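These numbers were taken from a predicted model, which means no experiment stands behind them.
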Amino acid sequence: MSVAERRAPRWNPTTAWNNQLRQLSKQRQYREALTLYRHMLRSSFFPNVFTFPFLLKSCAFLSLPLTASQLHAHVIRTGSLPDPYTRSSLINAYSKCSLPHHARLVFDQMPNPTICYNAMVSGYSFNSDPLRAVSLFRQMRREEEEEEGEVGSDVGVHVNAVTLLSLVSGCSVATHLTVGVCLHGCVVGFGFGADLAVANSLVTMYVKCGEVELARRVFDEMPVKDLITWNAMISGYAQNGHAGSVLEVYGEMKLSGVRADAVTLLGVLSACANLGAQGIGREVEREMERCGFGCNPFLRNALVNMYARCGNLTRAREVFDCSEEKSVVSWTVIIGGYGIHGHGKVAVDLFDEMVESGVRPDETVFVTILSACSHAGLTDRGLGYFEEMKMKYGVKPGPEHYACVVDLLGRAGRLEEAMDLIKSMKVKPDGAVWGALLGACKIHKNVELAELAFKHVVELEPMNIGYYVLLSNIYTDVNNLEGVLRVRVMMRERKLRKDPGCSYVEYKGKMHLFYSGDRTHRQSKEIYRMLDELESLVNEIRPPDEKYEGRNEELLMGAGVHSEKLAIAFALLNTRSGTEITVMKNLRVCVDCHLFFKLVSKIVNRQFIVRDATRFHHFRDGICSCKDYW
DNA sequence: CTAGGGTTAG
């Protein structure tokens, strides 16, 4: 209201009001625009056709269905409905409020020109209903053809770039990929292939469907690329876990002369987090400051995440502490950061602090805190949070929460309870749930339950090699040779082959990559000498009952000299004493290696962070794709 | 009517 008072002229004809609305809408002051409208009504001046589009745009942006339907009534009362701009805005407002059905009722009231068709098509797309969007598109084409003969028709319908762009952006989940591919054909057929915005929407569509290679093909064929193009490709790679490619494309973008914005840096930071590339991440932070994005809450969260995932909790905490806006996501990031590095106590304290500060926990932060508890052995605390989640916050537990609780109980050796929990689940347990149980069976060498868990998990994810390896290693642990062979036969039947284990460390801005048993590195000789030395030192101080190497080493898949050991030895040879060493691994870090690292860490008095980056590596012909970049 | 955005496990 203060805004309205400040801006309202003493004499207020509708045109003057409309100009004020236009200004507010342009400045994206959507709430203020609606407030001004209320003021306007009180001043007994009637809105006209130029009034509604601005207001409806506010409803669309703020997703206010009730305000939209009130405005709808006003539109009818003032006789503005036949105005195509007003109608398309109304259609858009309803669609953005997730009411495509209401939008359609407006659409069906009278014959429509292009912009109303486009608004309706885009409405269906926004509500991920590409089939209805396409059927409307067909209707549009029929009408376009019928009108072709008519001369002087003032309600012409013409398929344009916006139509296709809206259609394409409706196929943003993998299930709609087939429709998307057809639409790609339409784009080319209608001659919009060279339109920048349309091509951008194609890149985005493929990326959202998880088809990064197809996206890349469109991207590569574009002669002109703008900021949106680069961002679509960069964040597309980031979202699909192709972290190495993100940095590659970012490099190309810088060469092409297009300036990065906040969205670009967001994608790059997320890639750095996943790769453990703190050096590049620091450069991005400087870039952020230089471009004036230092306070962007999205970027700050990504920055905290990057430092935390790279093991630099000190810096992560600094950035977090001096962030102005702390959303659930900010808290999730910092809690998860402490969680993955085993600081469970700090994580739970932060969680409580978050609740105290008035931020309502969501389902994601519960996944994070549950897994933090399970890593730190805070079993009962974790179970407490699980109860609180259901009872106090009314968050329905999904399979991902159950997987965490099964892991929590399983690690603590409470396998029966874990099994009972699975039986009590209202949602169908997924691979992760049974996988968590299988993992717990590995720790506690429970073959019987492992076989049960495996039976379920293989049914749900028959092509996930991790579970076969896990079961095989359980058999190895208990000297069940027959079991090992059985798993191997199963794997051979399904044509599954284990990728070679590889690890890498960032050193002087370059990644150094090691495969298990690999001797191709320049410093190979020194590395192996160093390892020999460490092994004998470790053997001296190793507690007698703990084994850090599998008993039947030749049976453990991918055994030999583990790649993480090579990476650690390399880092010890080359980096300053006192600094932390972060090692990344393409597969789960070998359990037996953990004890080795703990002991070596004591001997050399250095901190190690050995992290599993399973989801962020992409292998082609056995070569890790990040190697090409560095 | 119009393309790009931070967090989550085993």
| task | Flag the pair Lys326(A) and Glu353(A) as a salt bridge only when some basic side-chain nitrogen lies within less than 4.0 angstrom of an acidic carboxylate oxygen. | result | no

| In terms of side-chain geometry, is the basic nitrogen of Arg104(A) or Asp108(A) positioned less than 4.0 Å from the acidic oxygen of its partner? | yes

| Expressed in angstrom and rounded to an integer, what is the separation of His401(A) atom NE2 from dG10(B) atom C1'? | 14 Å

| Nucleotide dA9(B), atom C1' - distance to CZ of Phe386(A) in whole Å | 13 Å

| said: Check the orientation of Tyr30(A) and Phe61(A). Use parallel for under 30°, tilted for 30 to 60°, and perpendicular for over 60°. | reply: parallel

| said: It should be established whether Arg300(A) places a side-chain nitrogen or oxygen under 4.0 Å from OP1 or OP2 of nucleotide dT7(B). | reply: no

| field | Separation of atom CZ in Arg411(A) from atom P in dA9(B), rounded to whole Å | value | 12 Å

| For Arg22(A), what residues pass the side chain to side chain donor-acceptor pair (under 3.5 Å) criterion, not counting sequence neighbours? | Asn19(A)

| request: Would you indicate what Gly336(A) reaches in the nucleic acid, counting non-hydrogen atoms under 4.0 angstrom: base, sugar-phosphate, or nothing? | output: nothing

| query | How long is the line joining CD of Glu400(A) and C1' of dT7(B), in whole Å? | reply | 13 Å

| query | Do Arg216(A) and Glu252(A) meet the salt-bridge criterion of a basic N to acidic O distance under 4.0 Å? | reply | yes

| Where protein sits on nucleotides 1-6 of chain B, one letter per nucleotide: B base, S sugar-phosphate only, - none, heavy atoms under 4.0 Å | BSBBBB

| query | Which pair of heavy atoms, one from Ser327(A) and one from Asn301(A), lies closest together, and at what distance? | reply | OG-ND2, 3.9 Å

| message | If I take atom OH in residue Tyr385(A) and atom C1' in nucleotide dT8(B), what distance separates them, rounded to the nearest angstrom? | response | 17 Å

| query | Would you say a side-chain N or O of His375(A) is under 4.0 Å from OP1 or OP2 of dG10(B)? | reply | yes

| Between P of dT7(B) and CE of Met306(A), the distance in whole Å | 12 Å

| request: Specify the separation, in whole Å, of atom CZ of Arg309(A) and atom C1' of dA9(B). | output: 10 Å

